[in-house]
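Inspection log for the structure reproduced underneath, given as structure tokens.
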Amino acid sequence: MQAQETVAQDARRRHMKLLVEHVSKSFDKKAVLKDVDFTFESGKIYGLLGRNGAGKTTLFNCINEDLPVSGGTFAIEEDGVRRAVRAADIGYVLSTPVVPEFLTGREFLKFFIDINKDRIKDGKTIDAYFDLVGIEPEDRDRLIKDYSHGMKNKMQMLVNFIADPGILLLDEPLTSFDVVVADEMKQLLRHRKDEHIIIFSTHIMELALDLCDEIVILNGGVLQAIDKADMDNAAFKDRIISALRGEGDA
């Protein structure tokens, strides 16, 4: 696989911001998101860290409109012009891949490309797309139900690369890959970040520090950035752990 290769994109995107404005989400009487207020910008990979149950997946589901918010709004700003978030703006890679297991890998890609042909610019051949994420030739015509979890995750990542949304939500996407494939995927994400907003949810701090440009912590229903200015790696890690524990001023 050529990790530096990238899916052909539209003419250069304008600078994009995702505005998350005082978003809250409750389930019955339990407030999971209390006052999430943050601006994500294109050109960066954000590491979204939080303890299990902190609400990372809930936040993603709200951004993707799979869940209605209890309060607050989401919006997009492009070169200072504000607009509503559209479905085509968002790509969502779930921690548990959702792919049609009754199709072969090739049938799935052909179907996806056919129904999205108006959105795909300068498309590649199906085999070139397979090459992009390292699906081997002998696996391309197998039923997806016979794929490993990691291969299913590759397929889920690939269709999002093909659709090329401006905002990519990644919910624990690399945990099913071996070390070599995970590194190749990280290179692909780094290569795409300039014209995209990439938010990478993980509970693995070392992975976030290796891949991400900024670290944001979801704790107590609130989202906050952790500034690395003038700190070495050990001090930065200590500050992240302190924020995850809810200790003091992060």
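We use all heavy atoms of the structure for the numbers below, so side chains are in, but hydrogens, waters and symmetry mates are not.
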Between [X] and [Y], does any side-chain N to carboxylate O distance fall below 4.0 Å?
X      : Y      : value
Asp79  : Lys17  : no
Glu136 : Lys154 : no
Glu214 : Lys44  : yes
Arg106 : Asp127 : yes
Lys124 : Asp131 : no
Glu172 : Lys56  : no

Quick one: closest heavy-atom pair of [X] and [Y], and the distance?
X      : Y      : result
Ser26  : Ser70  : N-OG, 3.0 Å
Ile162 : Ile120 : CG2-CD1, 3.4 Å
Met155 : Phe108 : CE-CD2, 3.7 Å
Asp37  : His22  : OD1-N, 3.0 Å
Ala163 : Phe112 : CB-CZ, 3.9 Å
Leu49  : Ala208 : CD2-CB, 3.9 Å

Are the side chains of [X] and [Y] in touch, meaning some heavy atoms are under 4.5 Å apart?
X      : Y      : answer
Leu18  : Val85  : yes
Ser148 : Met151 : yes
Thr39  : Glu21  : no
Ile167 : Met16  : yes
Ile199 : Leu170 : no
Glu41  : His15  : yes
Asp114 : Phe111 : no
Ile90  : Leu169 : yes

Does Glu101 form a salt bridge (Lys or Arg N to Asp or Glu O under 4.0 Å) with Lys152? I'd like the steps, not just the answer. CA-CA 9 Å; Glu101 297 192 343; Lys152 292 175 184 176; 2.6 Å; yes

Audit row: Glu206, Lys237, salt bridge (Lys or Arg N to Asp or Glu O under 4.0 Å) steps and yes/no: CA-CA 9 Å; Glu206 295 293 345; Lys237 290 177 184 178; 2.9 Å; yes

Enter the distance from [X]:[atom1] to [Y]:[atom2] here, rounded to the nearest 0.5 Å.
X      : Y      : atom1 : atom2 : result
Thr202 : Leu48  : OG1   : CG    : 9.5 Å
Ile198 : Phe200 : CD1   : CZ    : 10.0 Å
Leu218 : Lys34  : CG    : NZ    : 10.5 Å
Leu33  : Thr58  : CG    : OG1   : 6.0 Å
Leu59  : Asn64  : CG    : CG    : 11.0 Å
Ile45  : His196 : CD1   : NE2   : 11.0 Å

Is a side-chain donor or acceptor of Asp66 paired with a backbone partner of Asn61 at a separation under 3.5 angstrom? no

Under 3.5 Å, is there a donor-acceptor pair between the side chain of Gln156 and the main chain of Leu94? yes

Set out, in order, the CA-CA distance, both residues' side-chain angles and the distance that settles side chain to side chain contact (heavy atoms under 4.5 Å, CB included) for Val23 and Thr73, then state yes or no. CA-CA 6 Å; Val23 166; Thr73 58; 5.9 Å; no

Go through the steps to decide whether Thr57 and Asp171 satisfy the test side chain to side chain donor-acceptor pair (under 3.5 Å), and finish with yes or no. CA-CA 7 Å; Thr57 299; Asp171 192 359; 2.8 Å; yes

Could you tell me whether Lys25 sits above the aromatic face of Phe27, with NZ or CZ closer than 6.0 angstrom to the six-membered ring centre and within 45 degrees of the axis? yes

Cluster question for you: counting only ILVMFWY and a side-chain heavy-atom cut-off of under 4.5 Å, with indirect links fine, are [X] and [Y] together?
X      : Y      : value
Ile115 : Phe102 : no
Val222 : Ile240 : no
Leu19  : Ile76  : no
Ile63  : Leu67  : yes
Ile226 : Met205 : yes

Arg83/Asp89 under side chain to side chain contact (heavy atoms under 4.5 Å, CB included): CA gap, chis, key distance, verdict: CA-CA 11 Å; Arg83 65 170 175 83; Asp89 293 318; 2.9 Å; yes

Before giving the answer on side chain to side chain contact (heavy atoms under 4.5 Å, CB included), spell out for Thr104 and Ile144 the whole-Å C-alpha distance, their side-chain angles and the decisive distance to 0.1 Å. CA-CA 5 Å; Thr104 67; Ile144 293 175; 5.9 Å; no

Would you mind listing every ring pair (Phe, Tyr, Trp, His ring centres under 6.0 Å) that reaches into residues 66-85, with sequence neighbours excluded? none

Selection residues 31-65 - residue pairs positive for ring pair (Phe, Tyr, Trp, His ring centres under 6.0 Å), sequence neighbours left out: Phe38-Phe40, Phe40-Tyr46, Phe60-Tyr92

Set out, in order, the CA-CA distance, both residues' side-chain angles and the distance that settles side chain to side chain contact (heavy atoms under 4.5 Å, CB included) for Gln224 and Val216, then state yes or no. CA-CA 5 Å; Gln224 59 184 140; Val216 289; over 6 Å; no

Begin with the C-alpha distance, continue with both residues' side-chain angles, and end with the deciding distance and a verdict on salt bridge (Lys or Arg N to Asp or Glu O under 4.0 Å) for Arg190 and Asp213. CA-CA 10 Å; Arg190 291 185 183 109; Asp213 301 294; over 6 Å; no

